[in-house]
Amino acid sequence: MSQFESMKLYQTSMTPSAMRVTLFLKEKGIEIPVEEINVREGDNLKVEFQAISANGRIPLLQLDDGSYLSESIAICRYIDALSPDDKGLFGSDPKQKGLVEMWNRMVELQGLMVGFQAFRNITGIYQDRERVIPEWGEESKLRLGEFLPTLENRLAEAEYLAGEFSIADISLWAMLKVVQALGIEWQSQYPNLQQWHQRLAKRPAFQA
Ligand SMILES: N[C@@H](CCC(=O)N[C@@H](CS)C(=O)NCC(=O)O)C(=O)O
């Protein structure tokens, strides 16, 4: 039995954060047993889940020693450290590592997090657990849209965000799901982003 088989990944597969870990694992060819929970129905609010999760959210990885890791990128980094390869998903030399970190952070902070705030505050899907401020949602949606030209310009000069395929592209793929869910039109406006999307869609890991 491999060490991965004795771990457990708690996730809600349709969510962007779960998607980041799932795509990362597929790219690395690693399988971890999954326990599917439904965050929209509040499974993560239950006392048992809150007791084992540092941030109360998915994804959550139970390690083979029985302890737990939250945060999608922390989980990916842990798996990568346990199972190093030459795929360079976090970068393979100092410059590449820096570029991957830079683009992944930018997509996370200026894209994903802003998009989450837009989606949560416009739809109110989590009004059972947080204050909902529609104006904040609308402002966040505008800011998310305003980040797209930065990505478009980068993808005019490079095939992938960090030059080579990396976790930053996985994060951007998840971010675009949020962009789409918010009804922000991007396909017609951003040809480089669209070509990048088509490039990723051809990768086996992305063909769900
Ligand atoms: N920064 C965290 C974000 C985790 C997150 O926001 N997960 C969402 C699903 S995408 C969740 O569990 N939402 C349920 C809730 O907020 O109660 C990560 O990357 O893991």
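Atoms within each ligand, like the ligands themselves, are counted from 1 in listed order. Along the sequence shown, the residues carry numbers beginning at 1.
- Nearest heavy atoms, L144 versus I184: CD2-CD1, 3.9 Å.
- In this structure, atom 13 (N) of ligand 1 lies nearest to the protein heavy atom Y126 OH, 3.7 Å.
- Grouping the Ile, Leu, Val, Met, Phe, Trp and Tyr side chains by contacts below 4.5 angstrom, directly or via other members, places I30 with L82.
- Side-chain N or O atoms of E5 include one that pairs as donor or acceptor with a backbone N or O of S2 at under 3.5 Å.
- At a heavy-atom cutoff of 4.0 Å, ligand 1 is contacted by no atom of Q11, backbone or side chain.
- Nearest protein heavy-atom neighbour of atom 14 (C) of ligand 1: N44 ND2, 3.4 Å.
- Note on ligand 1: R20 sits in its first shell, one or more heavy atoms being nearer than 4.0 Å.
- Residues S171 and N104 have side chains that bring a donor and an acceptor to within less than 3.5 angstrom of each other.
- Numbered from 1 in the order shown, with element, the atoms of ligand 1 that lie under 4.0 Å from a heavy atom of S72 read 18 (C), 19 (O), 20 (O).
- Considering V39, L69, I58 only, the shortest heavy-atom separation from atom 8 (C) of ligand 1 involves I58.
- The stretch residues 104-126 participates, sequence neighbours left out, in no ring-ring contact (aromatic ring centres under 6.0 Å, His included) pair at all.
- Nearest protein heavy-atom contact of atom 18 (C) of ligand 1 is E71 OE1, 3.2 Å.
- Only side-chain heavy atoms of T15 come within less than 4.0 Å of ligand 1; its backbone N, CA, C and O stay farther off.
- Using 4.0 Å as the threshold, E130 has no heavy atom nearer than that to any atom of ligand 1.
- Within the listing of ligand 1, atoms 20 (O) sit less than 4.0 angstrom from a heavy atom of P59.
- Evaluated by nearest non-hydrogen atom to atom 5 (C) of ligand 1, the leading choice among R40, M14, R57 is R57.
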E101/K97 under salt bridge (charged side-chain N to carboxylate O under 4.0 Å, His left out): CA gap, chis, key distance, verdict: CA-CA 6 Å; E101 188 70 15; K97 283 178 199 289; over 6 Å; no
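- Annotation: F206 is in aromatic contact with W173 [ring centroid separation under 6.0 Å].
- The proximity of I73 to ligand 1, defined as any non-hydrogen pair under 4.0 Å, does not occur for either the backbone or the side chain.
- Between the side chains of T12 and E36, no donor-acceptor pair of N or O atoms lies under 3.5 Å.
- Closest to atom 16 (O) of ligand 1, if we only count protein heavy atoms, is R120 NH2, 2.7 Å.
- Shown here for Q189 and E185, the closest heavy-atom pair between the two residues is NE2-O, 3.2 Å.
- Every atom of ligand 1 is numbered from 1 in the order shown, and the set under 4.0 Å from a heavy atom of S17 is 3 (C), 4 (C), 5 (C), 7 (N), 10 (S).
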